[in-house]
A.B. asks: 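Structure incoming, see below.
The figures here come from the full heavy-atom set of this structure, side chains too, leaving out hydrogens, waters and symmetry mates. This structure is a prediction, so every number in the text was calculated from the model and none was measured. Counting convention: from 1, in listed order, for ligands and their atoms alike.
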Amino acid sequence: MSLSPDFAFTQGSLQDFADCARRFELRFIRRMRYPALETQEPLQFEKRMRQGARFHKLVQQHLLGVPAEALAASLKDDAELSGWWQNYLAQGLSGLPAQRFSEITLQTQLCGRRLVAKYDLLALEAGGVAIIVDWKTGARVPAQSSLRGRMQTIVYRYVLAQAGAHLYGGESIPPERIRMDYVYVAQGAERLSFAYSAAQMGEDEALLSEMITAIERAESFPLTDDERRCRFCSYRSLCDRGGAGRLEDFDLDEYEDEDEDEAFMLDFDQIAEIEF
Ligand code: SF4
């Protein structure tokens, strides 16, 4: 089996391949559902997923013009979510250009495939900075070094540089004007920022091309050697890789991020970055 001709790559699918080639195969080529529990605390896990999704919806409504007070009134049943909301209102949008695009999808072509990115927020200043904002609701702020290498950081900046011209007055956005901010609303809206450059864009393009080519040419998709990556993977029983991990062992970030994948399963994209 191979990828369908219309398959579009996303940061989520590429992260799966980076983490475990077999996971990529099962999910995107064989398109298998394998409903193992991601954690030992499924109800709490689901609650956190719903909170994250609800927070993103609130922000989207706010950026579309719904008054903050009206949205806050809907949060009386959830003190934790209300706290995230207050942190967002206090710091989430500070310093961002006024031209804002919420929940916007951009795509470009690479190696004959579409490469798609769905952004929580793009804040642009004509002829000035272009800031990607990604809201995180996880309980931990990861190390900057680990986030730098995530496919989300790589793909989001690259796609904006390649495909953001129509949002930027018709001209390509110089990489040096692009910045990506992860904003941790459960941590007082702490912000981790990643600048961009032409040199970094060249490196990213080489890496992405290499990954896409490797996937297209792969004759086998081996299981990861790093069994820590299996702890929260739905395919554990299929791969004979043990039981579910504990919820407290991983962040729930990126839970709510990803519905840009065209695949029918969203579980892995919604699973948080795991700090190994
Ligand atoms: S259980 Fe482990 S080896 Fe199997 S697909 Fe998941 S991450 Fe890969």
A.B. asks: Flag yes if L223 and I215 sit in one hydrophobic cluster, no otherwise; membership is Ile, Leu, Val, Met, Phe, Trp, Tyr, and two members link when side-chain heavy atoms are under 4.5 Å apart.
C.D. replies: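 In one cluster: no.
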
A.B. asks: Show your reasoning for whether salt bridge (charged side-chain N to carboxylate O under 4.0 Å, His left out) applies to R150 and D134.
C.D. replies: CA-CA 13 Å; R150 296 287 295 179; D134 199 75; over 6 Å; no

A.B. asks: Could you go through L121 and F101, starting from their C-alpha distance and side-chain angles, then the distance that decides it, and tell me whether this counts as side-chain contact (heavy atoms from CB on, under 4.5 Å)?
C.D. replies: CA-CA 6 Å; L121 174 63; F101 302 90; 5.7 Å; no

A.B. asks: Could you tell me which atoms of ligand 1, counted from 1 in the order shown, lie closer than 4.0 angstrom to a heavy atom of R236?
C.D. replies: 1 (S)

A.B. asks: Short list, please: which atoms of ligand 1 are under 4.0 Å from a heavy atom of R229?
C.D. replies: 7 (S)

A.B. asks: Return yes when at least one N/O/S atom of C233 is nearer than 2.8 Å to atom 6 (Fe) of ligand 1, and no when none is.
C.D. replies: yes

A.B. asks: Under the side-chain hydrogen bond (donor to acceptor under 3.5 Å, both in side chains) rule, what pairs show up with a residue in residues 160-172, not counting sequence neighbours?
C.D. replies: Y168-R177

A.B. asks: May I ask you to list the atoms of ligand 1 that are less than 4.0 angstrom from any heavy atom of R241?
C.D. replies: 3 (S)

A.B. asks: List in chain and number order the residues that pass side-chain contact (heavy atoms from CB on, under 4.5 Å) with S2, two or more places apart in sequence or in another chain; answer none if no residue qualifies.
C.D. replies: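 For S2, no residue satisfies side-chain contact (heavy atoms from CB on, under 4.5 Å) once neighbours in sequence are set aside.
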
A.B. asks: Any N/O/S atom from C239 (main chain or side chain) under 2.8 Å of atom 4 (Fe) of ligand 1?
C.D. replies: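 Checking atom 4 (Fe) of ligand 1 against C239, an N, O or S atom does fall under 2.8 Å.
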
A.B. asks: Suppose I only count heavy atoms of C20 and a 4.0 Å limit; which atoms of ligand 1 are within that range?
C.D. replies: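 This gives 3 (S), 5 (S), 7 (S), 8 (Fe) as the contact atoms.
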
